[in-house]
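Reminder, nothing fancy here: chain letters follow the sequence lines and each chain counts from 1. Remember, predicted model here, so these are calculated numbers, not experimental data.
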Protein chains: 2
Amino acid sequence: MKRAIRREPHALLPIPHVEGPDYDALDDLLGFSLRRAQIAMFVTFNEATRGLDVTPARFTALLIVGANPGIRQTVVGNVLGIARSGANALADWMESRGLAERRADKRDARAWGLYLTSRGLSLVEEMKRRIVEGERKRSASLTAGERKELLRLLRKLAG
Amino acid sequence: MKRAIRREPHALLPIPHVEGPDYDALDDLLGFSLRRAQIAMFVTFNEATRGLDVTPARFTALLIVGANPGIRQTVVGNVLGIARSGANALADWMESRGLAERRADKRDARAWGLYLTSRGLSLVEEMKRRIVEGERKRSASLTAGERKELLRLLRKLAG
DNA sequence: TATTGTTATACTCTATAACTATA
DNA sequence: TATAGTTATAGAGTATAACAATA
């Protein structure tokens, strides 16, 4: 006898603003709204890249390697704000999928340079198209000016 | 012979905008700047609440329970956007620290109502003071109008 | 001594799934 | 049959710490 399937709140859902409870100071805290907005955008990212086996960190890493051929893992890690071990795992992932190669750095025998393969280059272009389109839909309620202002304020806040 | 201590990039550091690499489309994507801004604010949160053994989720849960005495765990989970099992763990944490109590709900024998203790109430006030002050410092480069506009745009984006 | 890459390990957060008591 | 809470388990992502090779 099969048990009924019950769906839990899935991770890939935006955080709702629940009717009923008093949110107290929450709605005036940047931290809370930043988190809600970020998750909403994360949901959009996932929908846009469905089937591509990608995450924001993977996309960012591929994009950076594509724009900076020969870049070192450590620098990719710095851009992402993660430790070297994490950047290493990302490089392993890229190589295992045939999206990038490690080539010896001629100036420093300790280091590898990362280079996208043609497959990596076309994947990153496809992802970029989808993600830009996803962001366009998600921010459709914002005017072009508002979107630009939001970006400016976020960058200012990120310091 | 002791090995030299080497500091890895600590989690509690903002994501830097690295000099050198080409960021390509990254600086025009809301997702990327949202993440950088959110982490910067998370760092601020941690500095402001150092020693209080708190996380953003714990703070949010305490605040919501404080503002909504008798609220159910599931509703707290909905506000946070997490599954019931996670909300349950948060309630366990609150009780184990003497910050909240579960009391039987008279209208529904399946449910508990959550209530802050006096210790929980004073802690949440202390946290609120510190976090508001931390946000004030972090967003000092924004005018009051810019901060308000940022909040408005974030809420719009979060849907 | 410091840095690059690497590997192994541990921790945190969260979802998933199953279960119980009650609705 | 559905819902509130509970518990156990697993997975993703990341830091930490150590190490070899090179600077």
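Picking from C:dG5, D:dA4, C:dA15 the nucleotide with the shortest atom distance to the side chain of A:Arg84 gives C:dG5.
Members clustered with B:Met41: A:Leu30, A:Leu34, A:Met41, A:Leu142, A:Leu150, A:Leu151, A:Leu153, A:Leu154, A:Leu157, B:Leu30, B:Leu34, B:Leu142, B:Leu150, B:Leu151, B:Leu153, B:Leu154, B:Leu157, by chain and number, using a 4.5 Å side-chain heavy-atom cutoff among hydrophobic residues.
Under the rule for a side chain to side chain donor-acceptor pair (under 3.5 Å), the partners of A:Arg97 that lie at least two apart in sequence or sit in another chain are A:Asp53. Considering only residues two or more places apart in sequence or on other chains, A:Glu146 meets the salt bridge (Lys or Arg N to Asp or Glu O under 4.0 Å) condition with B:Arg152, B:Lys156. Residues that satisfy the side-chain contact (heavy atoms from CB on, under 4.5 Å) test with B:Ala40, not counting sequence neighbours, are B:Arg138. Checked against side-chain contact (heavy atoms from CB on, under 4.5 Å), B:Pro21 has the following partners two or more places apart in sequence or in another chain: A:Asn68, A:Ile71, A:Val75, A:Val79, B:Val18, B:Tyr23. Scored by the side chain to side chain donor-acceptor pair (under 3.5 Å) test, A:Arg129 finds A:Glu126 as partners (sequence neighbours excluded). Every residue two or more places apart in sequence or in another chain was checked for a side chain to side chain donor-acceptor pair (under 3.5 Å) with B:Asp22, and none qualifies.
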Dump the pairs, protein N or O against N or O of nucleotides 10-13 of chain C, anything under 3.5 Å, distances to one decimal.
none

Using a cut-off of under 3.5 Å, enumerate the N/O to N/O pairs linking the protein to nucleotides 21-23 of chain D.
| residue | atom | partner | partner atom | Å |
| --- | --- | --- | --- | --- |
| D:dA23 | OP1 | A:Ala109 | N | 2.9 |

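Pairs passing the salt bridge (Lys or Arg N to Asp or Glu O under 4.0 Å) check and including a residue from residues 111-121 of chain A, sequence neighbours excluded, do not occur. Residue pairs that meet the salt bridge (Lys or Arg N to Asp or Glu O under 4.0 Å) test with at least one member in residues 28-50 of chain A, sequence neighbours left out, do not exist here.
The separation between B:Ile15 atom CD1 and D:dG13 atom C1' is 13 Å, rounded to whole Å. Put simply, CG on A:Asp92 is 12 Å from P on C:dG5, counting in whole angstrom units. Atom pair A:Leu90:CG and D:dA12:P shows a separation of 14 Å (rounding to whole Å applied).
Residues from residues 63-76 of chain A that place a heavy atom under 4.0 Å from any atom of DNA chain C, listed by number: A:Arg72, A:Gln73, A:Thr74.
With hydrogens and angles ignored, a donor-acceptor pair under 3.5 angstrom links the side chain of A:Ser85 to the base of D:dT16.
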Audit row: A:Leu29, B:Phe59, side-chain contact (heavy atoms from CB on, under 4.5 Å) steps and yes/no: CA-CA 12 Å; A:Leu29 290 176; B:Phe59 165 67; 3.8 Å; yes
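A donor-acceptor contact shorter than 3.5 Å links the side chain of A:Thr117 to the backbone of A:Gly98.
At the phosphate of C:dT6, OP1 or OP2 sits under 4.0 Å from a side-chain N or O atom of A:Arg102. Phosphate contact (OP1/OP2 of C:dG5, side-chain N/O of A:Asn88, threshold under 4.0 Å): absent.
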